[in-house]
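Below is one structure, written out as structure tokens; comments come after it.
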Amino acid sequence: MSPLVLEASASTELTTIATPALWLGTILAVIGLLVFDFVITRKPHEVSFKEALAWTAFYIALPLAFGGWVWATHGHDIGVKYYTGYIVEKSLSVDNLFVFILILSAFAVPRILQQRVLLIGVAGAIVLRGIFIALGAGLIATFDWTFLLFGAILLATAIKVFRDARSEAEEEIDPEQMRIVKVLSKVFPVTGEYEGTKATVIRNGRRALTPLALVMAAIIFTDIVFAVDSVPAVYGITADPYLVFATNAFALLGLRALYFVLEGALSKLVHLGYGLSVILGFIGVKLVLHWAHGVWPGVPTVPTTLSLVVIVGVLAVTTVTSLRASKRIEAEKAAAEAAPHTGLVDPTR
């Protein structure tokens, strides 16, 4: 299978491992998995931990197996790029779950409807990522400074994520203050209660939105913000638009199930923001160096293998320090709760 080269008017070339048949097969497979998810969630129900764990295992095994095929078919370098991009996208998707939890809580989404909302969000995110990936590929093929632009975006995002991680204030979302909610509420009347899986209902002869429609719109609108970060991040690993799409799609497909697996554990990853800020900053520097190398060949670049080691290392350190910090915080809370009772005499004795 020979790689395709997408040529543009500029001197930059985009090389991809994908043939038209591979693109078509991948897109059909993604659509098929989404349709299957919609079918199995057509009847709202509370997702058990066992069910969520089984689906999470499936959606992790699938991209890992696909990566094995990529490695065997296209070699070590392409295989490492694929796995590195997937790890980056998966770690960013875990961070996205924090925001999803806040949105679902703010809109008081019934638990039996949460997986349907998440699935709509995943489908919207894949479509939006596809658009951003195509735009990114066009920019890379046309303008030499695209990598510099992507690097600047990631460095700015890394600073923001770091500041958010340092902030001690708890994040809160007020649905009434969200721009998308304000716009939709002005155009359509909104019912006060959820109507099962219905996004719209007829009230007094007029089409009205349910809260479910608002929360789905909020999730999709948030997906746009996430795409601005995640697409440049994986382009910092590989410029192949097919690998960028595949890693994004695989990272997103299992997000619905992963939400219910990590719902309780996410609060323990207290240092995840620090880790992601380091990863985004590292990839941002990598992109800037890549651009500078094209202008001044003497400027060094960052090998993909080193990127994989750094990213996995940062995630491992972040996880360990997060769990230790969470354990310490829980111990301090327990001690604080027990402190007022110390020295009290039981009046019944």
Side-chain angles (χ1 to χ4, degrees), residues 84-103 105-106 125 129 132 136 146-174 177-178 221-237 244 247-248 251-252 255 258-259 262 265-292 301-302 304 306-330 332:
T84 305
Y86 174 71
I87 291 172
V88 169
E89 289 305 305
K90 201 65 178 177
S91 60
L92 289 174
S93 70
V94 170
D95 185 53
N96 296 351
L97 289 180
F98 278 110
V99 180
F100 288 166
I101 288 175
L102 292 175
I103 291 176
S105 175
R129 300 286 175 91
F132 274 75
T146 301
F147 287 111
L148 179 61
L149 173 64
F150 284 177
I153 291 173
L154 291 182
L155 288 172
T157 303
I159 294 172
K160 180 182 181 301
V161 172
F162 180 78
R163 287 177 175 174
D164 290 343
R166 288 193 62 186
S167 175
E168 296 182 357
E170 294 186 4
E171 286 189 73
E172 293 184 358
I173 292 179
D174 183 356
Q177 297 303 315
M178 298 187 73
F221 184 77
T222 306
D223 285 334
I224 298 175
V225 179
F226 291 156
V228 174
D229 301 336
S230 64
V231 171
V234 74
Y235 265 124
I237 305 301
V244 174
T247 53
N248 268 272
L252 290 169
L255 207 57
L258 188 63
Y259 171 89
L262 297 180
L266 281 174
S267 60
K268 297 183 182 296
L269 298 177
V270 293
H271 293 163
L272 180 61
Y274 292 108
L276 290 178
S277 68
V278 172
I279 291 173
L280 291 173
F282 172 78
I283 298 176
V285 171
K286 183 177 186 292
L287 283 168
V288 172
L289 289 175
H290 180 83
W291 166 81
T301 58
V302 180
T304 305
L306 177 60
S307 299
L308 178 59
V309 171
V310 170
I311 291 166
V312 171
V314 170
L315 290 174
V317 171
T318 298
T319 301
V320 171
T321 59
S322 292
L323 294 178
R324 287 182 176 178
S326 295
K327 188 175 181 180
R328 185 179 67 252
I329 292 171
E330 290 175 0
E332 290 174 353

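The residues of the chain are indexed from 1 along the displayed sequence. This is a predicted model, so every value here is computed, not measured.
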Item to complete: Supply the atom-to-atom distance L155 CG to S277 OG, rounded to the nearest 0.5 angstrom.
Response: 11.5 Å
Response to the item:
Nearest heavy-atom contact between I237 and G85 is CG2-N, 3.9 Å
Item to complete: State the CG-CD1 distance between D164 and I159, to the nearest 0.5 angstrom.
Response: 12.0 Å
Worksheet entry | Nearest-0.5 Å distance that lies between atom CG in L272 and atom CG in L315 | 8.0 Å
Discussion item. Do V244 and V234 make a side-chain contact, defined as non-hydrogen atoms from C-beta onward lying under 4.5 Å apart?
Written reply: yes
Discussion item. Given 3.5 Å as the limit, does a donor-acceptor pair link the side chain of S105 with the main chain of I101, or not?
Written reply: no
Worksheet item: Is the closest side-chain heavy-atom distance between V88 and T247 below 4.5 Å?
Response: no
Worksheet item: Hey, does V99 have a side-chain heavy atom less than 4.5 Å from the side chain of F226?
Response: yes
Worksheet item: Could you give the distance from NE2 (H271) to OG1 (T321), rounded to the nearest 0.5 Å?
Response: 5.0 Å
Item to complete: Return the minimal non-hydrogen interatomic distance between V302 and K286, and the atom names on each side.
Response: O-CE, 3.4 Å
Item to complete: Taking all non-hydrogen atoms of both residues into account, name the closest pair between N248 and S230 and its distance.
Response: OD1-OG, 3.8 Å
Fill in: Side-chain heavy-atom pair Y235, I283 within 4.5 angstrom cut-off
no
Practice prompt. Please report the closest heavy-atom contact between G236 and L287, naming both atoms and the distance.
Written response: CA-CD2, 3.3 Å
Item to complete: Looking only at non-hydrogen atoms, find the nearest pair between F147 and H290 and report the distance.
Response: CD1-CD2, 3.4 Å
Fill in: Euclidean distance, F132 CZ relative to D223 CG, rounded to 0.5 Å
10.5 Å
Item to complete: Apply side chain to side chain contact (heavy atoms under 4.5 Å, CB included) to the pair L92 and L280, showing each step before the final yes or no.
Response: CA-CA 10 Å; L92 289 174; L280 291 173; 4.1 Å; yes
Discussion item. Less than 4.5 Å apart, side chain to side chain, heavy atoms only: is that true for L148 and V288?
Written reply: yes
Worksheet entry | Smallest separation among heavy atoms of G273 and V161, with atom names | O-CG1, 3.2 Å
Worksheet entry | Derivation of the side chain to side chain contact (heavy atoms under 4.5 Å, CB included) call for V278 and T318 | CA-CA 10 Å; V278 172; T318 298; over 6 Å; no
Worksheet entry | CG on L255 to CD on E89, rounded to 0.5 Å | 11.5 Å
